[in-house]
Amino acid sequence: MQQIKNFINGEFVDGIEGKTFDKYSPVDNNLIARISEAGKSDVDAAVRAAHAARRGAWGALTTDQRVDLLYGVADEITRRFEDFVAAEMADTGQPRHVMTQVFIPRGAANFKVFADIIKNVPTESFQMPTPDGRGALNYGIRVPKGVIGVISPWNAPFLLMTWKVGPALACGNTVVVKPSEETPLTCTLLGEVMNSVGIPKGVFNVIHGFGPASAGEYLTHHPLVDAITFTGETRTGTAIMKAAAEGMRDVSFELGGKNAGIVFADADFDAAVEGISRSSFLNSGQVCLGTERVYVERPIFERFVQALKAKAEGVKFGRPEDHHSNYGPLISAEHKQKVLSYYAKAAAEGATIITGGGVPEMPAELAAGHWVQPTIWTGLPETASVVREEVFGPCCHICPFDSEEQVINLANDNDYGLSTTIWTTNLARAHRVAARVEVGITWINSWFLRDLRTAFGGSKQSGIGREGGVHSLEFYTETRNICVKL
Ligand code: NAD
């Protein structure tokens with residue numbers, strides 16, 4: 001069993017109060033790590049270390065020096081690739097290929113991409129006339145915001161945490177990260193990487209713990225935290241926004257979703273089935289961008305339901321390192337209870353269960369893990385709980401539609417607005433529908449294809465602000481204008 005410590009001012013330390021909590025494997029519920037919980041004074045020490053580093057060693061570096069160090073971080077993650085893969089598999093129980101192909105390489109890329117962006121994106125400049133004819137020149141300079149509080153979730157822990165830490169550091173800020181209590185391992189490992197490449201002490205800090213009355217709340221209320229970037233549930237975002245109001249701190253929020261998939265009858269059928277299957281079931285449905293509402297044009301509805309059923313029934317449950325498995329458990333016993341309670345609600349509200357709806361039979365050594373079946377429903381009204389609320393599990397409701405106008409209204413009839421995936425071979429229609437769906441990210445004939453230079457964020461209750469590319473610079477820096485009378 002591993003002992004996991006906080007990482008404060010370049011040192012791995014236990015919390016001063018001596019409190020710990022346990023991390024159990026999602027796969028078999030065995031104890032895998034004991035984590036030191038940061039108390040109020042530990043969080044204070046981490047924030048003060050970040051504040052000092054911002055004004056000291058980190059602030060003294062040129063952009064080029066910072067960029068070189070961040071390239072070093074990415075290279076060191078790549079060198080220790082297997083350590084990160086193993087840690088992330090242990091934390092999440094998700095299959096090895098998801099780690100090796102997506103989560104860990106993209107995590108490393110987050111350091112390089114934003115280092116390149118800060119080096120290459122110019123600031124604005126305006127010349128203006130003045131009454132005396134001499135004119136004036138305005139130009140912007142970017143300055144770091146200061147200490148950034150980073151609060152991240154458990155569903156793609158390393159990817160989502162580095163997505164914030166990479167640009168924050170590239171812009172010259174320092175960070176205090178509170179990873180999810182469910183997934184503490186890779187964030188802690190990143191502390192080792194920071195030390196081995198020579199990132200100055202205090203630039204990157206990790207505090208472990210929970211939200212309310214624990215490390216998360218202490219961090220968001222700390223007066224020396226200058227801005228907060230958060231990914232997680234919309235309800236948690238509301239609590240953090242209240243904390244950020246004290247002292248007028250800026251926030252960037254990536255929140256929940258209840259995303260619609262739209263399949264027109266003219267779609268490439270097999271590609272659409274494959275795409276919706278991935279978007280509903282990848283990572284056992286624990287992807288904020290995943291599809292839990294599928295709308296299929298009536299002529300292909302029955303055929304589509306049967307094809308997706310076959311995909312759902314084809315998943316291979318197993319340990320992450322097992323090359324024959326392609327499907328993992330849910331993150332925790334608590335989350336499994338939540339997902340199963342939605343499965344029960346769907347049945348109670350009259351759903352036709354096309355497949356799944358319960359717990360799979362697992363071999364004895366995995367029986368205590370948090371396994372649930374991929375599940376497909378049809379026949380529910382749009383008011384049903386599993387059609388309106390985010391389940392965050394491997395499930396979707398499929399509903400037929402008859403017109404473009406109707407499906408746009410169905411897709412938009414939800415409080416969330418994170419992403420959508422549209423499947424059609426009619427190019428004009430694809431663009432038309434994409435422009436009218438109220439979400440931050442639309443994919444056409446694809447899903448989860450991410451270019452880190454593009455805007456990422458949610459509409460409606462799915463978020464505030466945009467990150468990615470220059471949009472990250474907007475959040476992680478302040479632009480100051482300098483006006484020179486000529
Ligand atoms: P969560 O909101 O429960 O927890 C996220 C983080 O916030 C954790 O580190 C947690 O400890 C911390 N936290 C909880 N309460 C807090 C408080 N009062 N103050 C400070 N910190 C607090 O979310 P989760 O269950 O870890 O993640 C799943 C959710 O995240 C889903 O709703 C999913 O849609 C969303 N998500 C969104 C995106 C996106 O990009 N929009 C990406 C991934 C996940």
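Here the structure is a predicted model, which is why all the values come from computation and not from measurement. Counting starts at 1 for both ligands and their atoms, in listed order. As a basis for the values below, the full set of heavy atoms in this structure was taken, side chains included, without hydrogen atoms, waters or symmetry mates.
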Practice prompt. Tell me, with the steps shown, if E88 and R96 meet salt bridge (Lys or Arg N to Asp or Glu O under 4.0 Å).
Written response: CA-CA 9 Å; E88 196 86 324; R96 186 183 157 79; over 6 Å; no
Mode of [X] contact toward ligand 1 - side chain, backbone, both, neither (heavy atoms, under 4.0 Å):
X    : answer
N155 : side chain
P179 : backbone
A156 : neither

Item to complete: Please write down residue, atom name and distance for the protein heavy atom closest to atom 22 (C) of ligand 1.
Response: G211 CA, 3.4 Å
Taking the six-membered ring for Trp and the single ring otherwise, decide whether the centroids of [X] and [Y] are under 6.0 Å apart.
X    : Y    : answer
W58  : F204 : no
W154 : F392 : yes
F21  : F210 : yes

Discussion item. For the 3.5 Å polar cut-off, considering only N or O atoms, please tell me whether T220 and ligand 1 meet it.
Written reply: no
Response to the item:
Note: heavy atom closest to atom 21 (N) of ligand 1, options G216, S332, G458, G256, belongs to G216
Worksheet item: For ligand 1, which atoms, with element, lie under 4.0 Å from some heavy atom of K178?
Response: 8 (C), 9 (O), 10 (C), 11 (O)
Fill in: Side-chain donor-acceptor contact under 3.5 Å, S280 with K311
no
